[in-house]
Amino acid sequence: KAATARRQASRRRLPLKPETLRRFAPHSLPRPLDLLCACLSAAQERRTLDATSAAALVGPAADLVGLARLAGRHCVTPMLAACTTDPELRQRLPEDFSLYLEFVHTENSRRNHALRLQLRQVASHLNEIGIEPLLLKGAIRLVDGLYGDPGWRFMRDLDLLVRRDRLSDAVARMASVGYSFTSDAA
C-alpha cells in the first residue's frame, strides 16, 4: 500500500506518460547512485544519456532533490549540470532543477577560473627561484584536461608539493608576494 501511495503522489507531481509505465516497472528503475553515475559517465564521454537513465531522470518516480543531494555529498553537482545541456532532456526536466544545476556549475566555473589564475601566479613565482612545484589533487585537474569542462570539479584550495630542502625558500618567496601562512601550513 505504501508503494502504491508513493506512486500516486509521484503521478500528481509530473505528468505520467503511459509508454514510460509500460517500459519501466518501478523495480527496474536505476538506483539513485546508478543514475548519478550514468549522468556523470555520459558527461565525461560527451554523449547523450542512455534512454533508460533519461526515462528514470524525467519519470514520475524521479527524486531529483535526492539526486541533487547525492551529487552534493559526492561533490559532483557541477558535473551533473551536463545533463541539462541536452535540449530534448532539458525540456522534460523541471525548470527549477535545471536552473539550480546551471547556477552551481556557473559559480563553480568562476571559482575554478580564479583558482587557475592563482595557480599560474604561484607556479610562476616559484619557478622564478628554481622551484618546480608538483600539482596535487584538484590543482592538477585545472591544467591536465581530464574533465571536459573545468567547472565540473569542486575544489576549494590548491595543493602543491615542493621538495623539503626548498620549502623555506618557497615559503619566503610566497610571503614576499603577499601570501601568509597559518601555523599548521608548510
Side-chain angles (χ1 to χ4, degrees), residues 1-119 137-157:
K1 288 184 177 184
T4 302
R6 279 194 302 270
R7 278 194 296 271
Q8 288 173 345
S10 295
R11 288 181 187 146
R12 282 183 240 130
R13 285 192 307 235
L14 292 172
L16 185 63
K17 295 184 177 182
E19 64 273 11
T20 303
L21 270 184
R22 283 192 298 274
R23 288 177 42 210
F24 303 102
H27 63 278
S28 69
L29 292 175
R31 295 178 320 199
L33 185 57
D34 293 334
L35 181 57
L36 178 61
C37 289
C39 291
L40 301 180
S41 294
Q44 185 66 24
E45 295 167 10
R46 297 173 191 213
R47 60 175 170 75
T48 58
L49 196 57
D50 64 274
T52 302
S53 299
L57 192 61
V58 299
D63 177 11
L64 298 179
V65 172
L67 184 65
R69 284 186 183 141
L70 182 62
R73 268 196 310 273
H74 292 282
C75 298
V76 294
T77 307
M79 194 172 183
L80 186 57
C83 284
T84 65
T85 60
D86 176 0
E88 187 176 315
L89 185 58
R90 183 188 171 105
Q91 70 184 5
R92 297 174 60 199
L93 287 169
E95 184 179 18
D96 57 346
F97 180 71
S98 296
L99 291 174
Y100 167 73
L101 293 179
E102 284 178 26
F103 174 79
V104 171
H105 176 261
T106 299
E107 292 304 309
N108 195 57
S109 292
R110 285 184 191 157
R111 179 179 48 222
N112 287 357
H113 179 72
L115 285 170
R116 185 176 181 160
L117 292 176
Q118 186 176 23
L119 177 61
K137 302 189 306 186
I140 191 65
R141 297 299 166 236
L142 288 173
V143 297
D144 72 355
L146 176 68
Y147 292 96
D149 180 332
W152 284 350
R153 181 175 166 117
F154 267 134
M155 59 187 86
R156 47 172 219 237
D157 61 6

J.: Return yes if some donor-acceptor pair links the side-chain N/O of S53 with the main-chain N/O of L49 below 3.5 Å, else return no.
T.: no
J.: Under the side-chain contact (heavy atoms from CB on, under 4.5 Å) rule, collect the residues that match up with E107, sequence neighbours excluded.
T.: F103, R110
J.: List in chain and number order the residues that pass side-chain hydrogen bond (donor to acceptor under 3.5 Å, both in side chains) with Q44, two or more places apart in sequence or in another chain; answer none if no residue qualifies.
T.: none
J.: Atom OG in S98, atom CZ in R92: separation rounded to 0.5 Å?
T.: 12.5 Å
J.: Got a sec, which residues hit side-chain contact (heavy atoms from CB on, under 4.5 Å) with E45, two or more places apart in sequence or on another chain?
T.: S41, R47
J.: What residues, two or more places apart in sequence or in another chain, satisfy salt bridge (Lys or Arg N to Asp or Glu O under 4.0 Å) together with D50?
T.: none
J.: Search all heavy atoms of F97 against all heavy atoms of A68 and return the closest pair with its distance.
T.: CE1-CB, 4.3 Å
J.: Hey, could you give me each pair passing salt bridge (charged side-chain N to carboxylate O under 4.0 Å, His left out) that has a residue in residues 143-152? Not counting sequence neighbours.
T.: R141-D144
J.: Test of understanding: with side-chain contact (heavy atoms from CB on, under 4.5 Å), list the residues that count as partners of D157, not counting sequence neighbours.
T.: D159
J.: Which donor-acceptor pairs under 3.5 Å do side chains of residues 69-89 form with protein atoms, sequence neighbours excluded?
T.:
residue	atom	partner	partner atom	Å
T77	OG1	G72	N	3.2
T84	OG1	A81	O	2.6
T85	OG1	A82	O	2.6
D86	OD1	E88	N	3.2

J.: Please tell me if the side chains of M155 and L142 come closer than 4.5 Å, counting only heavy atoms from C-beta onward.
T.: yes
J.: Taking all non-hydrogen atoms of both residues into account, name the closest pair between L64 and P94 and its distance.
T.: CD1-CD, 3.4 Å
J.: Keeping to residues at least two apart or across chains, list the salt bridge (charged side-chain N to carboxylate O under 4.0 Å, His left out) pairs with something in residues 75-85.
T.: none
J.: So, for L57 and C39, which heavy atoms are closest and what is the spacing to 0.1 Å?
T.: CD2-SG, 4.3 Å
J.: Any non-hydrogen side-chain atom of N108 less than 4.5 Å from a side-chain atom of R111?
T.: yes
